[in-house]
Peer 1: 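Please find one structure pasted underneath; my questions will follow.
Numbering of ligands and ligand atoms starts at 1, following listing order. Keep in mind it's a predicted model, so treat the numbers as computed, not measured.
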Amino acid sequence: MDDGLVLNISADATVPAKRNDSKKSGRWTDRVRIKRVLKRKVRAPDTANKTREVFDGDGESPHPAKRPRRGKDSDQPVNPVVDRPKPSTQIISSLFSHNPKIEVLQPSPRKKSSCTPSNAPLAYMSGFAELGLHPLLVAHLENKMGVMKPTSIQRATLPMFTRPPSVTMADRDTFIQSQTGSGKTLSFLLPIIHDLLPLSTHSYIDRSIGTLAVIIAPTRELAKQISDVLQSLLKLKLRPDDESEDTEDSPRYTRWLVSGLLSGGATKAHEKARLRKGVPILVATPGRLLDHLQNTSSFNVGKCRWLVLDEADRLMELGFEDTIRGIIQGLDGRRRLAMQAVKEGKSLEVGGWDWEHRRRTVLCSATIREDVQKLAGTTLINPIMIGSFDGEQENQENLQKGDAPANGSSSAKFVPPSQLAQKYIIVPLKLRLVALVALLRSILSQNQSKRECKIIVFMSCTDSVDFHWQLLGGTAMGGGLEASDANSVDEQLNAGEKVTNSEPTNEEVTVRSTLLPGALVFRLHGSLSTPTRLASLRGFSAASPTLGKQPAMSSILLCTSVASRGLDLPLVRAVIQYDLPTEGGATEYVHRVGRTARAGKGGEAWSIVAPSESEWVKWIQEKMCSVDESPSDIQKANIVLEGTGVEDILAKGFGGSDSEYETRATGVQLAFERWVLRQRVHSELARKAFLSHMRAYATHPTSEKYMFHVRNLHIGHLAKSFALREAPKNISGFNKNAPSKAKTTVSKHKAREVGVMAGRSRDHDTGLSGRSGDAEVRMKEAVRAKGRLIKKGGKMMSSGTSEFQIASGDALEKLAQRYAT
Ligand SMILES: Nc1ncnc2c1ncn2[C@@H]1O[C@H](COP(=O)(O)OP(=O)(O)OP(=O)(O)O)[C@@H](O)[C@H]1O
């Protein structure tokens with residue numbers, strides 16, 4: 001049996017030669033035993049590695065080869081000088097045998113051309129001017145930002161704020177919901193600037209007026225992104241280009257409108273200094289904002305007239321409900337104190353400020369789930385809903401009451417943009433890793449003619465992201481090869497593995513893989529430091545990313561769900577869900593795929609589905625459709641996922657004739673496995689990633705267990721997709737057969753525990769993780785407990801000075817401990 005593994009991968013010179021198994025001396029029983037063992041085994045072609053490789057190939061045996069028992073010696077510590085895993089017998093199972101049979105997929109009847117983009121600017125509109133937007137803003141959008149026509153959510157939202165007050169909803173708050181990539185950010189930023197710009201005409205106005213608008217976003221990345229868009233809007237020209245329009249009567253605007261960002265990225269002292277100077281429009285993450293409301297006396301926010309809660313559903317998911325209540329109480333308290341100070345003549349403020357002008361709250365959310373309704377009920381006054389809702393009237397009434405929808409459905413219909421091509425591949429577990437590489441290669445080569453191509457790959461946990469990132473960067477084959485087509489895989493393999501001396505360090509931002517020519521690989525998850533996360537995003541989004549002197553055309557981002565919400569990364573051609581979402585169900589899926597196909601552009605979304613998860617395809621399609629939708633509606637909205645065979649992807653990605661791709665895929669897999677074996681630190685990375693992945697997998701909600709149950713996974717095959725050759729029972733910490741939390745159907749509560757066990761690996765990213773996030777985590781806990789305190793009759797406190805406080809950080813924590821139930 002040759003198993004198709006005749007690959008000319010050169011031996012790793014640093015590895016000692018394999019010891020000879022034949023034995024001439026010793027007892028005759030020993031010699032007979034060894035002979036018998038050798039007869040049964042088929043030798044691996046690579047004998048350079050001290051590791052003995054046992055092939056399980058081509059169906060000779062229906063069961064995977066068993067790993068022989070290890071002798072006493074195997075427990076001896078690894079030689080500290082050569083830091084490599086201890087020699088052991090390894091199982092090298094063939095990639096293409098013993099895989100479950102997968103139904104041949106029928107091509108989808110969907111015609112791509114029939115899809116008109118659902119989130120594109122509206123062609124029939126003449127421009128933003130007809131929505132009543134300030135002419136300076138219209139000119140800036142058209143001339144400097146290339147934004148000519150509004151999208152449908154902008155068309156619906158802007159008139160609400162630009163019409164004269166008598167007919168608008170001055171006394172009403174707003175709830176905005178629309179598709180991913182439909183331009184929600186501009187639909188709340190433009191009204192704010194439109195409202196504040198004319199204040200320039202007041203003689204006393206400058207940035208010392210304080211903060212007039214606060215925008216809250218759930219993560220640092222999102223806050224930074226909103227802040228960037230805001231900054232580019234605020235660069236607007238304050239006079240019309242046409243001088244003739246600049247008459248005596250035309251208002252003279254001054255540049256007092258500046259923006260600021262509070263997201264925990266900078267030091268508090270620096271943020272305090274900025275707040276003291278005055279920041280008229282502030283973008284913030286919730287924890288840091290509440291912190292400043294509690295502790296920064298110079299934070300002048302008494303006149304705030306806009307509060308925006310972006311990605312409200314994510315804010316709720318991340319447990320910010322109490323923090324947001326604290327923020328609202330803080331804003332109200334500071335307003336009362338400021339008004340009182342003016343009344344009592346204690347304030348140095350010049351008169352003329354319209355204190356009657358109430359603060360408007362805008363809530364943006366992808367869904368109107370029960371928890372978002374609750375938030376809307378407590379934060380919005382007489383809200384008007386803008387967006388696409390089913391049963392709008394009913395929902396509107398519920399929203400005002402803060403109730404869940406009467407029909408019991410917990411979410412409004414939320415579908416991906418119609419122009420997005422949604423695809424899935426059912427991939428046997430063993431083939432996952434090579435299928436991912438093949439898919440990346442095929443997308444990259446298809447888009448070679450385009451200027452650049454960006455791909456986002458979602459993984460289940462931070463450990464998995466770290467492992468795959470290091471693996472791709474570390475497994476350099478024939479270093480420096482720049483293959484331009486899929487056929488060059490052979491050349492890369494034949495050139496031999498190259499031991500890279502410079503392993504990427506933990507805080508490095510990017511790596512290159514010769515398997516993915518012309519692309520740089522970035523990573524993003526919540527355990528990276530803020531500068532690394534931001535550098536990663538900057539690098540990935542850059543027009544022509546570079547590594548050293550080598551420019552790259554394309555970029556790939558390996559990430560956890562941290563990148564699923566709100567991030568607007570330009571030119572993302574494809575999203576690959578290597579691991580399907582463990583939390584958030586269909587909503588999370590729609591958010592993830594929504595990172596592509598934005599503002600009317602095209603894109604493709606790929607889901608890698610395990611054979612035991614195949615029910616998921618039907619499930620997700622049903623979740624995205626309304627019960628009463630006709631098949632033509634479903635086709636039109638492009639809610640159907642199109643299946644592709646894994647062989648097609650492997651053939652496209654690795655090239656070659658007939659089934660040559662099998663040999664090539666095997667070569668790639670072997671190279672990965674050798675990388676894992678090469679150093680102890682690599683195998684630890686792989687094991688950790690495997691374990692964390694299993695734990696994350698166990699946190700799928702109970703209602704989804706029939707599709708995602710650890711019990712249904714072939715653990716050995718899954719381990720192979722982490723380039724591990726070891727039988728999983730030897731991976732400490734996880735035993736599929738033990739009565740573990742992962743094994744039994746876990747309740748949601750238990751599932752959470754499993755998630756917590758995974759520690760840093762589970763990425764409920766809030767921008768709270770990492771070194772600088774610890775304080776925020778504690779703050780969040782304290783605020784939660786403060787909620788309990790208030791329920792138990794505690795009250796908000798005002799310090800002797802003019803500062804309104806909920807309580808100081810320390811006091812709050814002490815109170816929290818005292819009242820913790
Ligand atoms: N009227 C417009 N014309 C052209 N491009 C636009 C327009 N409005 C917004 N865009 C662009 O569309 C992209 C998506 O916008 P935005 O990030 O606001 O979407 P979103 O609805 O908030 O998406 P998500 O739900 O994923 O957060 C951005 O790159 C933005 O610059």
Peer 1: Can you list the ligand 1 atoms lying under 4.0 Å from a non-hydrogen atom of S182?
Peer 2: 19 (O), 20 (P), 21 (O)
Peer 1: Work out whether the distance between some heavy atom of P150 and some atom of ligand 1 is less than 4.0 Å.
Peer 2: yes
Peer 1: Taking atom 26 (O) of ligand 1 as the point of reference, which of R595, R565, K601 owns the nearest heavy atom?
Peer 2: R595
Peer 1: Considering only non-hydrogen protein atoms, determine which one is nearest to atom 18 (O) of ligand 1 and report residue, atom name and distance to 0.1 Å.
Peer 2: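 Checking every protein heavy atom, the shortest distance to atom 18 (O) of ligand 1 gives T185 OG1, 2.7 Å.
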Peer 1: So, R565 and E317, do they make that salt bridge, N to O below 4.0 Å?
Peer 2: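 So R565 pairs with E317 through a salt bridge.
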Peer 1: Identify the closest protein heavy atom to atom 2 (C) of ligand 1: which residue and atom is it, and at what distance?
Peer 2: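 So the nearest neighbour among protein heavy atoms is V147 CG1, 3.4 Å.
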Peer 1: Tell me yes or no: between the side chains of T596 and E604, is some donor less than 3.5 Å from an acceptor?
Peer 2: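 Their side chains do not contain a donor-acceptor pair, so the 3.5 Å distance test is not met.
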Peer 1: Looking at atom 12 (O) of ligand 1, what's its closest protein heavy atom, distance included?
Peer 2: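 Result: A599 CB, 3.2 Å.
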Peer 1: Using a strict 4.0 Å threshold on nitrogen-to-oxygen distance, state whether R360 and D173 make a salt bridge.
Peer 2: no
Peer 1: Is there at least one pair of N or O atoms, one from T180 and one from ligand 1, spaced under 3.5 Å apart?
Peer 2: no
Peer 1: Determine whether the side chains of R220 and T530 contain a donor N or O and an acceptor N or O closer than 3.5 Å.
Peer 2: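 Yes, a side-chain donor-acceptor pair sits under 3.5 Å.
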Peer 1: Side chains of S529 and T532: any donor to acceptor distance under 3.5 Å?
Peer 2: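 Yes - a donor-acceptor pair under 3.5 Å links their side chains.
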Peer 1: Checking the N or O distance criterion of under 3.5 Å, is ligand 1 in contact with S178?
Peer 2: no
Peer 1: Among all protein heavy atoms, pick out the one at the shortest distance from atom 29 (O) of ligand 1; state its residue, atom name and that distance to 0.1 Å.
Peer 2: D568 OD2, 2.5 Å
Peer 1: From L307 CG over to F188 CZ, what is the distance, rounded to the nearest 0.5 angstrom?
Peer 2: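 Answer rounded to 0.5 Å: 11.0 Å.
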Peer 1: Check this for me, if you would: do K374 and E370 make a salt bridge, where the nitrogen-to-carboxylate-oxygen distance has to be below 4.0 angstrom?
Peer 2: no
Peer 1: Looking only at protein heavy atoms, identify the closest one to atom 25 (O) of ligand 1 and say how far it is in Å.
Peer 2: K184 NZ, 2.7 Å
Peer 1: To check your reading of the model: name the closest protein heavy atom to atom 8 (N) of ligand 1, its residue, and the distance in Å.
Peer 2: Q154 NE2, 2.9 Å
Peer 1: Please determine, by modelled atom types, if Q179 and S118 share a side-chain donor-acceptor pair under 3.5 angstrom.
Peer 2: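 Side-chain D/A pair, Q179 to S118: present.
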Peer 1: Could you tell me, atom by atom, which parts of ligand 1 come under 4.0 Å of a heavy atom of E311?
Peer 2: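 Matching atoms, with element in brackets: 27 (O).
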Peer 1: What is the closest protein heavy atom to atom 17 (O) of ligand 1, and at what distance does it sit?
Peer 2: R598 NH2, 2.9 Å
Peer 1: Can you classify the ring geometry of W616 versus Y589 as parallel (below 30°), tilted (30 to 60°) or perpendicular (above 60°)?
Peer 2: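 The arrangement is perpendicular - the two ring planes meet at more than 60°.
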Peer 1: With only distance considered, is G181 within less than 3.5 Å of ligand 1 through an N or O on each side?
Peer 2: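 Checking ligand 1 against G181, an N or O pair does fall under 3.5 Å apart.
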Peer 1: Could you see which bit of S187 sits under 4.0 Å from ligand 1, with heavy atoms only: side chain, backbone, both or neither?
Peer 2: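 Looking at S187 and ligand 1, no heavy atom falls under 4.0 Å.
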Peer 1: Checking the N or O distance criterion of under 3.5 Å, is ligand 1 in contact with G183?
Peer 2: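 Yes - when backbone and side-chain N and O of G183 are compared with those of ligand 1, one distance drops under 3.5 Å.
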Peer 1: Would you check if there is a donor-acceptor pair between the side chains of E583 and T699 at a distance under 3.5 Å?
Peer 2: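 No donor-acceptor contact under 3.5 Å links the two side chains.
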Peer 1: Hey, could you give me the CG/CZ distance between L375 and R325, rounded to the nearest 0.5 Å?
Peer 2: 7.5 Å
Peer 1: Mark up the atoms of ligand 1 that fall under 4.0 Å of a heavy atom belonging to Q179, in ascending order.
Peer 2: 21 (O)
Peer 1: Among protein heavy atoms, which lies nearest atom 1 (N) of ligand 1, and at what distance?
Peer 2: K149 O, 2.7 Å
